[in-house]
A.B. asks: 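Here you go, one structure.
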Amino acid sequence: MKLAVFDDYRLGVVQDGAVVDVSRAIPGHDSDPVGAGWWIRLCRDFDRLKPALSDAAATGERKPLAAVRLRAAALNPGKIVAAASNYAAHVEEMQSRAAELGLAREAASGWMAEFGVFLKAPSSIVGPGEAVLLPQDRVQARKEIHHESELAVIIGKGGRDIPAEQAMRHVLGYTCAIDVTIRESSDRSFRKSFDSFTPIGPWVVTSDEIGDPYGLRIRLSVGDQLRQDVCASDMSVKIRDIIAFVSSALRLDPGDVILTGSPPGVGQIADGMLMRTSIDGIGVMENPVWVRKAR
Ligand code: MN
């Protein structure tokens, strides 16, 4: 099932180029994005709510996708946990570019080469069609600001100390994300958490529909230039092991987002560009890039 948040924070099921409003099947649904407890409960209770959602999808109001405003496919998650250094070819490209990017080589070959996770601020989330805003001071200082296209995992049932063998049962579904990153020496969470630095969408495809996520192909193009193109099977640390690793330290809650790491091909974004992220079996998300003027 493809779950979309659209217009006035309605819940939709996407079918054949249309979105069907199924909000009435969600107990306590409301249109206030603050809190958005209904989304978190949906993530937790999807298995139980699925029959009612299917019924509502068969009879609800249908609108063409082109006629609605899609919102981010993650509403007020408690946290975004992001994997670093999870594709060997991306680690290599960062090592070879360390000097150009003004990073110490030992930094690029040390912490940067090792798998780990970090947190991004949920306030950095934007939806499909929304602009990624580059801070004017970093643009003027000629800092490189990069796109990292990533497969995003949305957590269904939460838990702590989740064993790897059971981890996939905690996955509600998958969507596309971009982990926008300023290449500078400030704290990693800070330089990746500027407002608008985490586009997520266009919708969540539930894991029962995806099946094996390692068949998914992740692509990002800028204009007509294909920059990132990888199969999720190239991931070094697989989703089940990321969930086990994270939940050994941080409780995972329903609705939490896990970004699974960037494939190779990261590159500079600049004012006026249009990023197009796509994952086969999920969908396409487009985000323009603008400079946010300093006040
Ligand atoms: Mn990343």
Side-chain angles (χ1 to χ4, degrees), residues 1-78 80 122 125-131 151-157 171-178 196 198-211 213 216 253-259 275-288:
M1 191 172 273
K2 297 183 173 70
L3 301 170
V5 181
F6 71 102
D7 290 350
D8 200 9
Y9 299 92
R10 311 294 296 171
L11 179 71
V13 169
V14 177
Q15 295 173 336
D16 308 322
V19 58
V20 188
D21 192 328
V22 296
S23 307
R24 66 194 159 92
I26 300 297
H29 178 271
D30 71 73
S31 287
D32 188 344
V34 174
W38 66 267
W39 171 261
I40 305 298
R41 291 193 300 274
L42 165 63
C43 293
R44 182 191 63 189
D45 300 335
F46 175 73
D47 290 343
R48 185 167 60 76
L49 292 170
K50 193 179 169 190
L53 291 169
S54 297
D55 287 350
T59 56
E61 184 195 359
R62 301 175 73 86
K63 288 183 178 174
L65 271 169
V68 304
R69 176 177 179 190
L70 290 171
R71 305 280 182 174
L75 211 45
N76 282 338
I80 305 170
I125 292 174
V126 289
E130 283 192 82
L151 173 66
V153 173
I154 309 296
I155 295 294
K157 288 183 177 55
V171 175
L172 169 71
Y174 304 89
T175 189
C176 311
I178 307 177
S196 79
T198 313
I200 299 181
W203 41 69
V204 177
V205 185
T206 53
S207 50
D208 51 344
E209 187 170 317
I210 292 287
L216 297 172
D253 292 321
D256 282 355
V257 178
I258 296 179
L259 305 184
M275 295 184 286
R276 187 173 195 274
T277 313
S278 69
I279 300 180
D280 294 346
I282 297 180
V284 176
M285 170 173 69
E286 291 189 332
N287 299 92

A.B. asks: Using a strict 4.0 Å threshold on nitrogen-to-oxygen distance, state whether Asp21 and Arg10 make a salt bridge.
C.D. replies: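 So Asp21 pairs with Arg10 through a salt bridge.
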
A.B. asks: Can you tell me if Asp280 uses its side chain to pair, donor with acceptor, with the backbone of Leu216 under 3.5 Å?
C.D. replies: no

A.B. asks: Would you mind reporting whether Leu259 and Ile80 have side-chain heavy atoms less than 4.5 Å apart?
C.D. replies: yes

A.B. asks: Are the side chain of Arg276 and the backbone of Val284 linked by a donor-acceptor contact shorter than 3.5 Å?
C.D. replies: no

A.B. asks: Not counting sequence neighbours, list each pair that qualifies as a side chain to side chain donor-acceptor pair (under 3.5 Å) and has a residue in residues 24-43.
C.D. replies: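 Matches after skipping sequence neighbours: Arg24-Thr59.
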
A.B. asks: State whether the side chain of Ser207 and the backbone N or O of Val171 hold a donor-acceptor pair below 3.5 Å, judged by distance alone.
C.D. replies: yes

A.B. asks: Using a 4.5 Å cut-off on heavy atoms from C-beta on, say whether the side chain of Val13 contacts that of Val19.
C.D. replies: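 The answer is no, as the side chains (C-beta and beyond) never meet within the 4.5 Å cut-off.
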
A.B. asks: Quick one, Lys2 and Glu209 - any side-chain contact, counting heavy atoms below 4.5 Å?
C.D. replies: yes

A.B. asks: Please report the closest heavy-atom contact between Thr175 and Pro202, naming both atoms and the distance.
C.D. replies: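 Minimum heavy-atom contact is OG1-N, 3.8 Å.
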
A.B. asks: Determine whether a donor-acceptor pair (N or O, by modelled atom type, separation under 3.5 Å) exists between the side chain of Asp256 and the backbone of Asp253.
C.D. replies: yes

A.B. asks: Does Arg69 make a cation-pi contact with Phe6, if we ask for NZ or CZ under 6.0 Å from the ring centre and within 45° of the axis?
C.D. replies: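 No, Arg69 does not sit over the ring of Phe6.
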
A.B. asks: Which residue in the set Ile154, Ile125, Ile258, Ile200 passes side-chain contact (heavy atoms from CB on, under 4.5 Å) when paired with Pro77?
C.D. replies: Ile125

A.B. asks: Would you check if the side chain of Thr206 reaches a backbone N or O of Met1 as a donor-acceptor pair within less than 3.5 Å?
C.D. replies: yes

A.B. asks: For the residue pair Met285 and Pro199, establish whether any side-chain heavy-atom pair is separated by less than 4.5 Å.
C.D. replies: yes

A.B. asks: For Asn287 and Val126, indicate whether the former's side chain and the latter's backbone hold a donor-acceptor pair under 3.5 Å.
C.D. replies: no

